[in-house]
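Written below as structure tokens is the structure these notes are about.
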Amino acid sequence: MDAPTTTSADNGTSDDSGGGWFKPRRKPDAGPQQPPGADQGQGRIPGPGGAARPSRPVTAIRPVGTGASRPQPAQPQPPQAAEPQPRRAEPPSEAPHAAPPHAPQPHAAPPHPAQQRAPEAQAAPAAPPAAPAAPAAPAAPVSPDAALIRRTLADIGEDAGKVTSYFYALLFTRHPELRGLFPAAMDTQRDRLLKALLTAAEHIDNKPVLTEYLRNLGRGHRKYGTQASHYPAVGEALLGALARYATSTWDGESEAAWIRTYTAISQIMIDAAAENELRAPAWWQAEVVSHDLRTPDIAVITLRPDQPYPFLAGQYTSLETPWWPRIWRHYSFAGAPRPDGLLSFHVKAVPAGWVSNALVHRARPGDTVRLGPPAGSMTVDHTTDSGLLCLGGGTGIAPIKALVEDVAEHGERRPVDVFYGARTDYDLYDIDTMLRLQQSHSWLSVHPIVDGRTQFPDAVLEHGPWNSHDAYLSGPPGMIRSGVDALRSLGIPGDRIRHDSLEELVAAGD
């Protein structure tokens, strides 16, 4: 429940998702077993049209386990399948703000994990989550539970904003103690938590990618102070909001499917958090040791964490400043791990961006910030010798630089081509660094691209061939979407195109 990132009491969400355990009115067929003596809590779920439906308890129960030893629950099937409703399109569109993004691609980026973190995309209070769009390339037949879930999502499509508002109203009314986990001002990113939940539920059939996504979310939620006991409350609010607004499709089968799905989702997150607690802190304190303003709105910031911070080149982290407590934003590491343990980030201040503006215009050496755990799958596979094709737009050059350093540190001679794009020559703020790397490594070629003179896809087409390369994209969501299309048209298979989740990306926008 990445809720604590932002949102509004009546319309917010977070950049991660959450889960909890439920006990339905009647036990769903083959549903996950609840432990003996589990507590049951009751709640009145509003019925169609807003009237309260008397005595329709959706009871939450304690998680079945919170340790790594507990096996992840299997996804049971509901009694009947409903017609699947398509939802969301390929690279997730905007992160937590826009219509729920698409599921992660294997190695291209797990749900949240699979898309390059553009240091911060602009974050204006988003429009309500749009109705789901069909996942790109569904591999296997849709399971009955997934079909019922997609049917519900299609039903609430036009009321997504109201669903979000009602979800938070239920959550904070029934469980006011949870309000403290969220930032004081929740309007900046109103639908992150709910959108993450709906996105995960919609892609429940994509087990390998979804599991990694949820494990990352579970680990990441530790920094908010999220406990296993909080998940049932979120689940109750989720079911209550869906029951109220899915007026034409909500029934016993739909409820049972959502209960099973949310139970599976939440248990994966709970188990991942419990495992992670044994080996890593919930967050790291880090001191600003240097602040280099490269342009009026872009700064390269170097931090010294208070204890070792393990990560891989190409990954990203979440960062909280002392000026905006409980508001976290994602930023990519701008270099491979260093012997001195220092961490660098490229941050661009965006209009109305609370965190980005604080980091660019307010942070100074000596200030202390907090870091969440590393995440992201846009890393180099050192077991192959395939060439690397890297596209970095704006501050998206940060993780690309980290990948180049990673290849150099491994002593590899594989060809690496970097296309560095920006709107103007002035915006190529790190071009000197990239050209120095090119001079030091004969296998590296750097191609500056100024948008307006040469379009990114066209510039890439002029070189190549690329069909034997692994491709990496980092930058604004629009650049990633167009880049993925262009690379596929060049014959690069989808499973060799890597980028961190666009959804996470947009979450960074502030």
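Scope of the values below: all heavy atoms of this structure, side chains included, with no hydrogens, waters or symmetry mates. What you see is a predicted model; the values in this text were computed from it and never measured.
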Under a 3.5 Å cutoff, is there a donor and acceptor pairing between the side chains of [X] and [Y]?
| X | Y | answer |
| --- | --- | --- |
| Asp417 | His447 | yes |
| Thr424 | Asp427 | yes |
| Tyr213 | Thr199 | no |

For this session: Just do the side-chain contact (heavy atoms from CB on, under 4.5 Å) check on Thr302 and Leu343 with the steps written out, would you?
Result: CA-CA 5 Å; Thr302 302; Leu343 310 172; over 6 Å; no
With a 4.5 Å limit on heavy-atom distance, are the side chains of [X] and [Y] in contact?
| X | Y | value |
| --- | --- | --- |
| Ser377 | Glu212 | no |
| Val350 | Asp297 | no |
| Arg329 | Trp354 | no |
| Glu320 | Leu371 | no |
| Trp328 | Val355 | no |
| Met269 | Thr226 | no |
| Ile301 | Val289 | no |
| Val347 | Ile298 | no |

Can a donor-acceptor pair be found, under 3.5 Å and without considering hydrogens, that links the side chain of [X] to the backbone of [Y]?
| X | Y | answer |
| --- | --- | --- |
| Asp367 | Arg364 | yes |
| Trp284 | Pro308 | yes |
| Ser482 | Met479 | yes |
| Tyr331 | Phe345 | no |
| His382 | His410 | no |
| Gln285 | Asp306 | no |
| Glu287 | Thr368 | no |
| Gln315 | Leu312 | yes |
| Arg488 | Gly483 | no |
| Arg222 | Ala280 | yes |

For this session: Would you please test Lys401 and Thr433 for side-chain contact (heavy atoms from CB on, under 4.5 Å) and show each step?
Result: CA-CA 9 Å; Lys401 172 177 171 285; Thr433 301; 3.5 Å; yes
From [X] atom [atom1] to [Y] atom [atom2], the distance as rounded to the nearest 0.5 Å:
| X | Y | atom1 | atom2 | result |
| --- | --- | --- | --- | --- |
| Ile497 | Ile480 | CD1 | CD1 | 11.5 Å |
| Gln438 | Leu435 | CD | CG | 6.0 Å |
| Ile265 | Leu214 | CD1 | CG | 6.0 Å |
| Ile397 | Leu428 | CD1 | CG | 9.0 Å |
| Leu178 | Tyr224 | CG | OH | 15.0 Å |
| Tyr426 | Thr295 | OH | OG1 | 5.0 Å |

Exercise. Would Tyr472 and Phe419 count as a close aromatic pair, with their ring centres under 6.0 Å?
Worked result: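 Aromatic pair excluded; centres sit 6.0 Å or further apart.
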Exercise. Taking the six-membered ring where the residue is Trp, are the ring centres of Tyr429 and His346 under 6.0 Å apart?
Worked result: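 Yes, the ring of Tyr429 comes within the 6.0 Å limit of the ring of His346, centre to centre.
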For this session: Apply the test side-chain contact (heavy atoms from CB on, under 4.5 Å) to residues Val460 and Leu490: give CA-CA distance (whole Å), side-chain angles for both, the deciding distance (0.1 Å), then the verdict.
Result: CA-CA 9 Å; Val460 176; Leu490 294 176; 3.8 Å; yes
For this session: State which residue, out of Val416, Leu437, Ile431, fulfils the side-chain contact (heavy atoms from CB on, under 4.5 Å) condition with Val446.
Result: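 Per the side-chain contact (heavy atoms from CB on, under 4.5 Å) rule, the option paired with Val446 is Ile431, out of Val416, Leu437, Ile431.
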Problem set entry | Qualifying residue, where the test is side-chain contact (heavy atoms from CB on, under 4.5 Å) with Arg496 and the options are Asp381, Leu487, Asp470, Leu389 |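 Output: one option passes, namely Asp470.
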Closest approach of [X] and [Y], non-hydrogen atoms and distance?
| X | Y | value |
| --- | --- | --- |
| Asn467 | Pro493 | O-CD, 4.4 Å |
| Leu403 | Gly314 | CD2-CA, 3.9 Å |
| Met434 | Val404 | CE-CG2, 4.4 Å |
| Pro337 | Ala313 | CD-N, 4.2 Å |
| Ala228 | Ile270 | CB-CG2, 4.0 Å |
| Ala358 | Trp323 | CB-CE3, 3.8 Å |

For this session: Answer yes or no: is there an ion pair linking Asp430 with Arg294, defined by an N-O contact shorter than 4.0 Å?
Result: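 Judged by the 4.0 Å cut-off on N to carboxylate O distance, Asp430 and Arg294 do form a salt bridge.
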Exercise. Are Lys223 and Glu277 within salt-bridge range, i.e. N to O under 4.0 Å?
Worked result: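 Not counted as a salt bridge, because no side-chain N and carboxylate O are separated by less than 4.0 Å.
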Exercise. Where does the angle between the aromatic ring planes of Trp466 and His469 fall among parallel (under 30°), tilted (30 to 60°) and perpendicular (over 60°)?
Worked result: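 Trp466 vs His469 ring planes: perpendicular.
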For this session: Fit a plane to each ring of His330 and Tyr316, take the angle between them on a 0 to 90° scale, and name the class: parallel (under 30°), tilted (30 to 60°) or perpendicular (over 60°).
Result: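 Plane angle over 60°, so perpendicular.
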For this session: Could you check Arg219 against Glu275 for salt bridge (Lys or Arg N to Asp or Glu O under 4.0 Å), going step by step and ending with a plain yes or no?
Result: CA-CA 9 Å; Arg219 290 188 289 264; Glu275 293 174 16; 5.7 Å; no
For this session: Give the intermediate values and the outcome of side-chain contact (heavy atoms from CB on, under 4.5 Å) for residues Ile449 and Tyr420.
Result: CA-CA 6 Å; Ile449 306 298; Tyr420 179 9; over 6 Å; no
Exercise. Is the CG atom of Asp340 crowded by more than 12 outside heavy atoms at less than 6.0 Å?
Worked result: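 Atom CG in Asp340 is crowded, with more than 12 foreign heavy atoms closer than 6.0 Å.
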